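Computation of the quantities below employed the complete heavy-atom set of this structure, encompassing side-chain atoms and omitting hydrogens, waters and symmetry-equivalent molecules. In this text the structure is predicted, and so the values were computed from the model without any measurement.
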Amino acid sequence: MQALSLLTGENVQVELTSTPQWRRLLELGKPPTLRELFATDPDRARRYRFGCADLTVDLSKNWLTDDILRALVEVADASGLSDRRAAMFAGEHINSTEDRAVLHVALRLPRAGSLIVDGRDVVPDVHRVLDQMSAFAHAVRDGQHLGYTGRSIRTVVNIGIGGSDLGPAMAYEALRSFADGPECRFVSNVDGADIATALAGLNPESTLFVVCSKTFTTIETLTNATTARDWLVSGIGDERAVANHFVAVSTNAAAVGAFGIDPQNMFGFWDWVGGRYSVGSAIGLSLMLAVGPDRFSEFLAGFHTVDKDFLAVPTDQNVAVLLALLGIWYANVHGAQSKAVLPYSNDLRRLPAYLQQLDMESNGKSVGIDGKLLAHTTGPVVWGEPGTNGQHAFYQLLHQGSWLIPCEFIGFARPNRGPQHHQDLLMSNLFAQAEALAFGKTSDEVAAEGVPPHQLNHRVFPGNRPSTMILADELSPRILGELIALYEHVVFAQGAIWGVNSFDQWGVELGKALANRITPELVDGATVPAHDSSTNALIAWYRARRPS
Ligand code: F6P
């Protein structure tokens, strides 16, 4: 972090931190503690509670005062955020390094909507694919689309990676309570154990593979799909079975055809949908197969409600922008390097992993849109685990560790499954954690409990650790859509304020290229061109042990 903030010179972009709005923010410094803020303002909880669609968002346990909020809003307003947001919603090519529009918001526009991109209304295209998905989902769920030997489909195996896996995998887990279709399994890792585990116990005659890859060139996905095809063909004993048991989701019809999947069995999407923003596209097909087209529509409607909110609500009430600004406040002014996302819902256990890609692949950049190095830090490390598991693992560090780690808690009034008294216990833990982080326990309070002096410091909770609470009635398809859209727009707003292109991912390319080079070198007898001495030694170590 220091290294970057010390950057100087012509090739460095300092627009954000050299503005008068930024200087005003810095002058405000750290506010009084949360204890003090709550003690002096009995109305604080109400004043800092915001609504976004069906979500209630309590910001009161953050390092916020009205002055800080005003200064942050001025930073957002001066950053060009609203112009960039308007440009995104208008279909302009804001992904400048790839010369593409960024239009995941078009995926959830109602049928009657319209959005012209490069001279073409994309809404009819979106609904054509949604209709194709619905028809297929109905056919599979109702037993009209059968396996090659006439059996109905009982299991769907989604093969994809990154955005072609994390979205549907996370959403399937989240909406398990609503799943009344085939069971879904997800394969992403090129580690053969992943597909072996997914295929264990399955009958090829009743298994459908959904191969998801925007590019259809991703080595992990193509390797897993090939292994799956071999398993299917050898299990059924007829190559022609592939037609009944494989569908693809991609933008690359030629590569789908070359793989051996009839492009008739392909569900398309468009280059203006980024992988990590694609769960509302045909990439969500497995989810639709599991929960049905109607619930998938509710899921999309949830996204759309938040999209409208993000576009229309003024900055000082706009929850996505406020969450983005808080992240910037903690990261760029107070040095936070990570944020924890802590869903108090076991069904949201994959949400932190999903958000890691959404946030870190979008805003993990050190170069601004103008190609200059940034003088400020950008996206944080995002991590988390569902409550209460995290409490018994890493919350010690959250409460008494030495890092500033803003926390985002997510909780629900009603359980999706299981008895209400479990939910009561879960939610009491959620509220208690946020309370403990904010207010801690002073040395006097600890001493008053009779704790001996030599233990006092160990048992003090410093408090003043900021957190945000996101609440909703239940984890329904609609609410899940709202939550994801909210996080998408937080990431967008932060990227816009930091001045980065949140929609490319050049940083993943070098490792892919080097792996492609190393793969043939691992085989005994192959020549190993000069890498560095460490990589050469690692390759030699592997070759010496690799079973031939
Ligand atoms: O390597 C990163 C990445 O390009 C992600 O952005 C994307 O979600 C993932 O790979 C999978 O890509 P594809 O859908 O083209 O297989």
Side-chain angles (χ1 to χ4, degrees), residues 97-98 157-169 185-200 202 204 207 209-235 239 242 245-261 266 271 274-276 278 283 353-354 356-357 360-361 364-365 504-548:
T97 60
E98 296 178 316
V157 178
N158 188 95
I159 300 179
I161 198 164
S164 298
D165 164 72
L166 286 163
R185 300 185 182 186
F186 294 85
V187 176
S188 53
N189 204 315
V190 77
D191 180 340
D194 200 9
I195 189 150
T197 306
L199 297 181
L202 294 189
T207 301
F209 293 93
V210 179
V211 185
C212 290
S213 176
K214 179 175 170 179
T215 55
F216 230 78
T217 58
T218 304
I219 191 75
E220 291 91 336
T221 300
L222 295 185
T223 305
N224 279 322
T226 304
T227 301
R229 190 177 53 192
D230 293 348
W231 174 85
L232 181 98
V233 171
S234 76
E239 189 90 31
V242 171
H245 292 267
F246 270 78
V247 297
V249 180
S250 186
T251 60
N252 187 348
V256 167
F259 178 82
I261 299 177
M266 177 181 129
D271 71 357
R276 52 196 176 271
S278 66
I283 291 290
Y354 174 81
Q356 280 175 338
Q357 189 200 14
M360 294 163 76
E361 203 173 67
K365 316 272 165 74
D504 59 14
Q505 57 282 321
W506 300 105
V508 302
E509 296 303 328
L510 177 60
K512 285 186 197 171
L514 290 177
N516 285 340
R517 183 176 148 198
I518 291 173
T519 306
E521 297 168 3
L522 297 181
V523 184
D524 216 16
T527 46
V528 180
H531 295 270
D532 61 276
S533 61
S534 165
T535 308
N536 281 342
L538 296 171
I539 293 171
W541 178 93
Y542 183 79
R543 279 169 58 150
R545 287 161 180 79
R546 179 183 181 275
S548 42

Engineer: Determine whether a donor-acceptor pair (N or O, by modelled atom type, separation under 3.5 Å) exists between the side chain of K365 and the backbone of Q505.
Structural biologist: no
Engineer: For the pair R517 (side chain) and A513 (backbone), establish whether a donor and an acceptor sit closer than 3.5 Å, ignoring hydrogens and angles.
Structural biologist: no
Engineer: Look at the side chain of H245 and the backbone N and O of P204, then say whether any donor-acceptor pair between them is shorter than 3.5 Å.
Structural biologist: yes
Engineer: Locate the shortest heavy-atom distance separating P168 from G163; write the atom from each residue and the value.
Structural biologist: CD-O, 4.1 Å
Engineer: I'd like to know if D271 pairs up with K214 as an ion pair, taking the criterion as any Lys NZ or Arg NE/NH1/NH2 lying under 4.0 Å from an Asp or Glu carboxylate oxygen.
Structural biologist: no
Engineer: Can you confirm whether F216 sits close enough to T251 that some side-chain heavy atom of one is under 4.5 Å from a side-chain heavy atom of the other?
Structural biologist: no
Engineer: Determine the interplanar angle of the F209 and F246 rings, folded into 0 to 90°, and report it as parallel if under 30°, tilted if 30 to 60°, perpendicular if over 60°.
Structural biologist: parallel
Engineer: Quick check: do V242 and V233 have side-chain heavy atoms less than 4.5 Å from each other?
Structural biologist: yes
Engineer: Rounded to the nearest 0.5 Å, what separation is found between the CD atom of E239 and the CZ atom of R229?
Structural biologist: 7.0 Å
Engineer: Does the side chain of N224 come within less than 4.5 Å of L222's, by heavy atoms?
Structural biologist: no
Engineer: Could you grab the distance from atom CZ of F259 to atom CE of M266, nearest 0.5 Å is fine?
Structural biologist: 14.0 Å
Engineer: Could you grab the distance from atom CG of L166 to atom CD of Q357, nearest 0.5 Å is fine?
Structural biologist: 5.5 Å
Engineer: Would you say the side-chain atoms of T535 pair up with the backbone N or O of H531, donor to acceptor, closer than 3.5 Å?
Structural biologist: no
Engineer: Is it the case that the side chain of N158 and the backbone of S164 share a donor-acceptor pair, with hydrogens and angles ignored and the cut-off at 3.5 Å?
Structural biologist: yes
Engineer: Please report the interatomic distance OG1(T218) to CD1(I161), rounded to the nearest 0.5 Å.
Structural biologist: 8.0 Å
Engineer: Ignoring hydrogens and geometry, is there a side-chain-to-backbone donor-acceptor pair from T227 to T223 under 3.5 Å?
Structural biologist: yes
Engineer: What is the minimum heavy-atom distance between I283 and C212, and which atoms define it?
Structural biologist: CD1-CB, 3.7 Å
Engineer: Before you tell me yes or no, could you show the steps for N252 and T215 under side-chain hydrogen bond (donor to acceptor under 3.5 Å, both in side chains), namely the whole-Å CA-CA distance, both residues' side-chain angles and the distance that decides it to 0.1 Å?
Structural biologist: CA-CA 6 Å; N252 187 348; T215 55; over 6 Å; no
Engineer: Once you round to the nearest 0.5 Å, how far does CG of D504 lie from OG1 of T97?
Structural biologist: 3.5 Å
Engineer: Is the shortest heavy-atom distance from the side chain of V211 to the side chain of I261 under 4.5 Å?
Structural biologist: yes
Engineer: Considering only heavy atoms from C-beta outward, does the side chain of L202 approach that of R185 to under 4.5 Å?
Structural biologist: yes
Engineer: Please report the interatomic distance OG1(T519) to CG(L514), rounded to the nearest 0.5 Å.
Structural biologist: 10.5 Å
Engineer: State, with a plain yes or no, whether a side-chain heavy atom of Y542 is found less than 4.5 Å away from one of E521.
Structural biologist: no
Engineer: Side-chain atoms of residues 187-200: list all donor-acceptor pairs with protein atoms under 3.5 Å, sequence neighbours left out, distances to 0.1 Å.
Structural biologist:
residue, atom, partner, partner atom, Å
N189, OD1, D191, N, 2.9
D191, OD1, A193, N, 2.9
D194, OD2, S188, N, 2.9
D194, OD2, N189, N, 2.8
T197, OG1, A193, O, 2.6

Engineer: Can you sort out the partners of Y354 under ring pair (Phe, Tyr, Trp, His ring centres under 6.0 Å), two or more places apart, ordered by chain and number?
Structural biologist: none
